[in-house]
Protein chains: 2
Amino acid sequence: MSRKIGQKIWIGGTCPIRQVLDRFGDKWSILIIELLSHEGKLRFSEIAHTIGDISQKMLTVTLRSLESDGLVIRQFFPEIPPRVEYELSELGKSLVPHIQQLAAWGQTNMDTILENRKRFEEKQQSRTAY
Amino acid sequence: MSRKIGQKIWIGGTCPIRQVLDRFGDKWSILIIELLSHEGKLRFSEIAHTIGDISQKMLTVTLRSLESDGLVIRQFFPEIPPRVEYELSELGKSLVPHIQQLAAWGQTNMDTILENRKRFEEKQQSRTAY
DNA sequence: CTGCATCCCGAGTGATACTG
DNA sequence: CAGTATCACTCGGGATGCAG
């Protein structure tokens with residue numbers, strides 16, 4: 001049983017969902033992990049270019065945080081010009097299937113959600129129309 | 001094959017991961033869904049109390065958005081004082097297993113992540129110490 | 001009890017310029 | 001090429017007060 005609600009698993013950092021949300025709830029982490037899972041090993045500029053609308057700063061920050069948590073491996077080549085390659089660690093790879101489950105769910109159900117939302121808005125409008 | 005990166009699945013709203021992130025990347029949606037999946041049917045104040053540190057405003061806003069997207073069913077009882085009950089729709093329930101997968105992953109690996117992060121910080125400090 | 005409106009702060013994010 | 005540094009801003013979300 002995981003019903004220990006009286007013991008406050010819903011409050012604070014002990015709740016596993018909160019931990020996951022805390023770590024991956026930002027704008028880019030999940031997306032970068034998923035991208036690396038497809039492409040294997042990528043350079044900084046390749047990631048930036050593929051995602052398209054991420055700023056250099058946010059890419060740096062996000063990659064650094066992923067590296068610090070051991071989800072991504074960073075390999076630096078001190079050449080001229082410098083080259084850096086990123087790839088998923090085993091830990092990072094172990095997260096990928098779960099992300100893809102979510103993505104698949106989204107692909108199946110997001111249309112329904114958007115329809116629901118649209119109808120809900122219309123219903124609200126007709127209500128205030130009185 | 002889902003490798004159509006040249007076709008820009010990574011840019012804009014077409015990427016399923018972005019859609020999911022867009023919808024569920026906020027602070028409370030996932031947590032509320034998971035809570036309702038445990039408890040079945042809850043009143044507004046019960047949710048507020050169980051979560052503990054959510055403001056009334058954010059609970060209202062989040063529940064309203066979940067309702068609008070058809071993930072949660074809202075039942076209003078026009079009594080005095082009023083009573084409102086929330087429960088997951090079928091659509092909402094269909095998301096639960098995926099959330100629990102993520103939570104389980106977190107429970108297994110979050111300790112490792114936090115250790116990694118700690119060691120990374122220490123390594124950075126010793127570097128700037130020179 | 002439940003929910004809406006208003007005000008407001010600050011973390012997270014982006015734009016820009018600079019460095020090795 | 002791959003960052004770092006700085007500034008500016010948006011906007012998520014918290015506090016408070018009011019209403020049905």
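Just so it is clear: chains get the letters A, B, ... in the order the sequence lines come, proteins before strands, and each one is counted from 1.
Relative to the axis of its first five pairs, the axis of the last five pairs of the helix from C:dC1-D:dG20 to C:dG20-D:dC1 sits at 40°, rounded to 10 degrees.
Residues satisfying the salt bridge (charged side-chain N to carboxylate O under 4.0 Å, His left out) test with B:K27, not counting sequence neighbours, are none. Under the rule for a salt bridge (charged side-chain N to carboxylate O under 4.0 Å, His left out), B:R74 has no partner lying at least two apart in sequence or in another chain. In this structure B:R83 satisfies the salt bridge (charged side-chain N to carboxylate O under 4.0 Å, His left out) test together with B:E79, B:E85, sequence neighbours excluded. The side chain to side chain donor-acceptor pair (under 3.5 Å) search around A:N116 returns A:R119, not counting sequence neighbours. Applying the ring-ring contact (aromatic ring centres under 6.0 Å, His included) test to A:F44 and every residue at least two apart in sequence or in another chain returns nothing. Applying the side chain to side chain donor-acceptor pair (under 3.5 Å) test to A:S94 and every residue at least two apart in sequence or in another chain returns B:W105. Annotation: salt bridge (charged side-chain N to carboxylate O under 4.0 Å, His left out) contacts of A:E115 (sequence neighbours excluded): none.
In terms of position on DNA chain D, the residue among B:P82 and B:D26 whose nearest nucleotide sits closer to the 5' end is B:D26.
Comparing C:dT2, D:dC1, D:dG3 by their closest approach to the side chain of A:S45 singles out D:dC1. Minimum atom distance to the side chain of B:V84 is reached by C:dG3, of the listed D:dC1, D:dG3, C:dG3.
Of the side-chain N and O atoms in B:R43, none sit less than 4.0 angstrom from OP1 or OP2 of C:dC1. The side chain of B:R83 places no N or O atom within less than 4.0 Å of a non-bridging phosphate oxygen (OP1 or OP2) of C:dT2.
Atom CG of B:L21 is separated from atom CG of A:L102 by 9.0 Å, given to the nearest 0.5 angstrom. We find the CD1-NZ distance between A:I73 and A:K41 to be 8.5 Å, quoted to the nearest 0.5 Å.
Against DNA chain C, the stretch residues 60-81 of chain B makes heavy-atom approaches under 4.0 Å through B:T60, B:R64, B:R74, B:P81.
Listed by first and then second residue, the salt bridge (charged side-chain N to carboxylate O under 4.0 Å, His left out) pairs that reach into residues 94-113 of chain B come to none, sequence neighbours excluded. The salt bridge (charged side-chain N to carboxylate O under 4.0 Å, His left out) analysis of residues 96-109 of chain B, with sequence neighbours excluded, yields no pairs.
For B:I47 and C:dC1, the CD1 to C1' distance is 13 Å, given to the nearest whole Å. When rounded to the nearest whole Å, the span between CZ of A:F24 and C1' of C:dG12 equals 18 Å. The interatomic distance linking A:L21 (CG) with C:dG12 (P) rounds to 14 Å, in whole Å. Separating the CG atom of A:L59 from the P atom of D:dG3 is a distance of 8 Å, rounded to the nearest angstrom. Nucleotide D:dA2 holds its C1' atom 15 Å from the CG atom of A:L42, rounded to whole Å.
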For nucleotides 14-16 of chain C, print each protein N/O atom paired with a nucleotide N/O atom at under 3.5 Å, atom names and distance only.
unit_1	atom_1	unit_2	atom_2	d
C:dG14	OP1	A:K27	NZ	3.1
C:dG14	O6	A:K57	NZ	2.5

